[in-house]
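Input: a single structure, listed below in structure tokens.
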Amino acid sequence: MILIIIEFLIVLIGLAMTAILFYRFPALPDIKGVAADFPAVSVIIPARNEEKNLPLLLGDLSVQTWPPFEIICVDDASEDATAEIARAYGAKLIALHHKPGGWIGKSWACQNGANAARGELLLFLDADVRLGKDGIGKLMQAYLKSGCTVSVQPYHQTGKLYEQGSLFFNLIQIAANGTALPKPLNAGLYGPVIMIAPSDYRKIGGHESVRNSIIEDMALGSRLKKAGIPYRLFIGDNDVAFRMYGGGLRGLLQGWTKNIATGAVKTPLPVFFMVFLWMTSLASVPLQLIKSAASSNWPWLAVYSLAYLGWAAILYRLVKRIGHFHRWPYILYPLPLLVFLGVFAVSLFIRIFGLPVTWKGRVIAPDEKPCR
């Protein structure tokens, strides 16, 4: 009986962690009052084999209420029509053919784009980001109000069945980064959307300072903190969104495997412990539900049935703030939870044994010592 009570207390503690880990969702400010003469923005898009995503983003950039000063597309040795698409949309194209040793491809592309930029602000955008017509205006308003670097976790749009497997990844990423805590911790930036002043970018050594980091966004955030340069994190909406890994299940698994264990290692210990308790509670409820049913323990079966429904409702309320998913992943949440745990286990194995990972046709070695 004591063990049963302890198990239930773990569930309750995990439920309580929700109120701390997801206390707030910092939204981008409204565009009301954005000056017509805001600073010139250089948009930098690192792109490798992005012929499907790039036309969508470049199309979005062409209809902005507050258009960018320039659009720089850095083609990182693509094997598809990425370069031709960039030219067709009138973007400034930087074609990279040979990546130096010790560099991750994205950081190499971003650094080259920043070197060529002439704007008063740098806006790094992943090719799978989608912007509403007021997207840049909202980012600019956030920057002007904050007076510092801003980074956004875009609103996660999904379509195909396999994409529902990402239910927990972005949610846990936001929790682990400390973005939604009562007092934001900000463990790192969000790589898909970063707006930064060139002077601050140079002070931290740009992407060159994190050239061998698989999760360059967290590494850049760490560099900003060490330099005493503040930054603000936001959660996107329909004006700043993305559709991650829309190209297939393999891309989804490879993408998250590349990032998830490395990010966990860099998560501050108190936050990691809270996320661990939260995840333990989520996993424990369906297990205890099955256990209670198998042993015909009807009182606890009723209790855990209510707990299961409670978690499904909580997940629905949380996830709708950060993305659009189908209904069934909330009702059958153990399935996307198993996807997350499976990917995390593989990613952790790769991390522990220093194995390389494959991403966009390249074999990426594990992070080396931090660059200085």
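The structure displayed is predicted, hence computed values, not measured ones.
More than 12 heavy-atom neighbours from other residues, nucleotides or ligands sit within 6.0 angstrom of OH on Tyr162. Atom NZ of Lys99 sits in a crowded spot, with more than 12 heavy atoms from other residues, nucleotides or ligands closer than 6.0 Å.
Residue Gln164 holds its CD atom at 10.5 Å from CG of Leu252, rounded to the nearest 0.5 Å. Going from atom OH of Tyr231 over to atom OG1 of Thr149 covers 9.5 Å, rounded to the nearest 0.5 Å. A distance of 10.5 Å separates CG in Asp76 from NE2 in His97, rounded to the nearest 0.5 Å. Atoms OG and CG, from Ser209 and Leu220 in turn, are 6.0 Å apart once rounded to the nearest 0.5 Å. Distance check: Leu123 CG to Phe69 CZ gives 14.5 Å after rounding to the nearest 0.5 Å. Atom CD of Gln173 is separated from atom CZ of Phe168 by 15.0 Å, given to the nearest 0.5 angstrom.
One hydrophobic cluster holds both Leu171 and Phe273 under the rule that ILVMFWY side chains link at heavy-atom gaps under 4.5 Å. When hydrophobic clusters are built by joining Ile, Leu, Val, Met, Phe, Trp and Tyr residues whose side-chain heavy atoms come closer than 4.5 Å, directly or via intermediates, Val152 is not grouped with Tyr155. Follow the hydrophobic side-chain contacts under 4.5 Å out from Ile10 and you never reach Leu21; the two are in separate clusters. In the hydrophobic clustering of ILVMFWY residues, with side-chain heavy atoms under 4.5 Å counting as a link, Leu309 and Val285 come out apart.
Closest heavy-atom contact between Phe124 and Cys110: CE2-O, 3.6 Å. Minimum interatomic distance between Pro29 and Lys145 (heavy atoms only, all atoms of both residues): CB-NZ, 4.0 Å. The two residues Val11 and Ser281 make their nearest non-hydrogen contact at O-OG, 2.8 Å. The two atoms that bring Thr267 and Ala176 nearest to each other are CG2-O, 3.4 Å, heavy atoms only. Listed here is the closest heavy atom pair of Leu125 and Pro46: O-CD, 3.3 Å. When every heavy atom of Leu167 is checked against every heavy atom of Pro336, the shortest pair comes out as CD2-CG, 3.7 Å.
Without hydrogens or angle criteria, Ser146 side chain to Tyr143 main chain gives no donor-acceptor distance under 3.5 Å. Under the 3.5 Å distance criterion, the side-chain polar atoms of Asp200 are left unmatched by any main-chain donor or acceptor of Ile196. Between the side chain of Gln157 and the backbone N or O of Ala241 there is no donor-acceptor pair closer than 3.5 Å. Judged purely by atom type and a 3.5 angstrom limit, Tyr333 uses its side chain to pair as donor or acceptor with the backbone of Leu282. Between the Glu120 side chain and the Pro39 main chain, no donor and acceptor come within less than 3.5 Å of each other. Between the side chain of Asn49 and the backbone N or O of Glu79 there is at least one donor-acceptor pair closer than 3.5 Å. No donor-acceptor distance shorter than 3.5 angstrom exists from the side chain of Ser292 to the backbone of Leu289, with no hydrogens or angles considered. For the pair Asp217 (side chain) and Tyr190 (backbone), a donor-acceptor distance under 3.5 Å is absent. Side chain of Ser151 to main chain of Leu233: no donor-acceptor pair is present (N/O by atom type, distance under 3.5 Å, no hydrogens or angles). Side-chain N or O atoms of Asp128 include none that pairs as donor or acceptor with a backbone N or O of Phe242 at under 3.5 Å.
Aromatic ring orientation, Trp66 versus Phe38: tilted (interplanar angle from 30° to 60°). Phe25 and Phe22 have parallel rings, their planes meeting at less than 30° on a 0 to 90° scale where 60° marks the start of perpendicular.
For the ring-ring contact (aromatic ring centres under 6.0 Å, His included) test, residues two or more places apart in sequence or in another chain that qualify with Tyr245 are Trp256, Trp359. Asp134 pairs by the side chain to side chain donor-acceptor pair (under 3.5 Å) definition with Thr65, not counting sequence neighbours. Arg243 pairs by the side chain to side chain donor-acceptor pair (under 3.5 Å) definition with Glu163, not counting sequence neighbours. Applying the side chain to side chain donor-acceptor pair (under 3.5 Å) rule to Asp126 yields the partners Lys106; only residues at least two apart in sequence or on another chain are considered.
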**Request:** Kindly determine whether Tyr304 and Tyr308 satisfy ring-ring contact (aromatic ring centres under 6.0 Å, His included), including the steps that lead there.
**Result:** CA-CA 6 Å; Tyr304 280 109; Tyr308 186 97; over 10 Å; no
**Prompt:** Should Lys138 and Asp237 be marked as a salt bridge (Lys or Arg N to Asp or Glu O under 4.0 Å) after you check the CA-CA gap, both sets of side-chain angles, and the distance that decides it?
**Reply:** CA-CA 10 Å; Lys138 286 188 174 182; Asp237 53 24; 2.8 Å; yes
**Request:** Go through the steps for Gln111 and Asn115 under the test side-chain hydrogen bond (donor to acceptor under 3.5 Å, both in side chains), then give the verdict.
**Result:** CA-CA 6 Å; Gln111 185 65 60; Asn115 292 344; 3.0 Å; yes
**Message:** Walk me through whether Phe340 and Ile260 qualify under side-chain contact (heavy atoms from CB on, under 4.5 Å).
**Reply:** CA-CA 9 Å; Phe340 174 84; Ile260 198 71; 3.7 Å; yes
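Note on residues 83-93: no pairs pass side-chain hydrogen bond (donor to acceptor under 3.5 Å, both in side chains), not counting sequence neighbours. Contacts classified as side-chain hydrogen bond (donor to acceptor under 3.5 Å, both in side chains) and involving residues 313-325 (residues at least two apart or in different chains) are not found.
Salt bridge annotation for Arg223-Glu216: absent, with no cationic side-chain nitrogen under 4.0 angstrom from a carboxylate oxygen.
Between Thr82 and Glu51, the side chains place no donor N or O within less than 3.5 Å of an acceptor N or O (distance only, hydrogens not considered). Side-chain contact check for Ser78 and Glu50: no donor-acceptor pair (N or O, by modelled atom type) lies under 3.5 Å. Side chains of Gln153 and Asn170: a donor on one and an acceptor on the other come within 3.5 Å.
Using a 4.5 Å cut-off on side-chain heavy atoms (C-beta onward), Phe169 and His156 make no contact.
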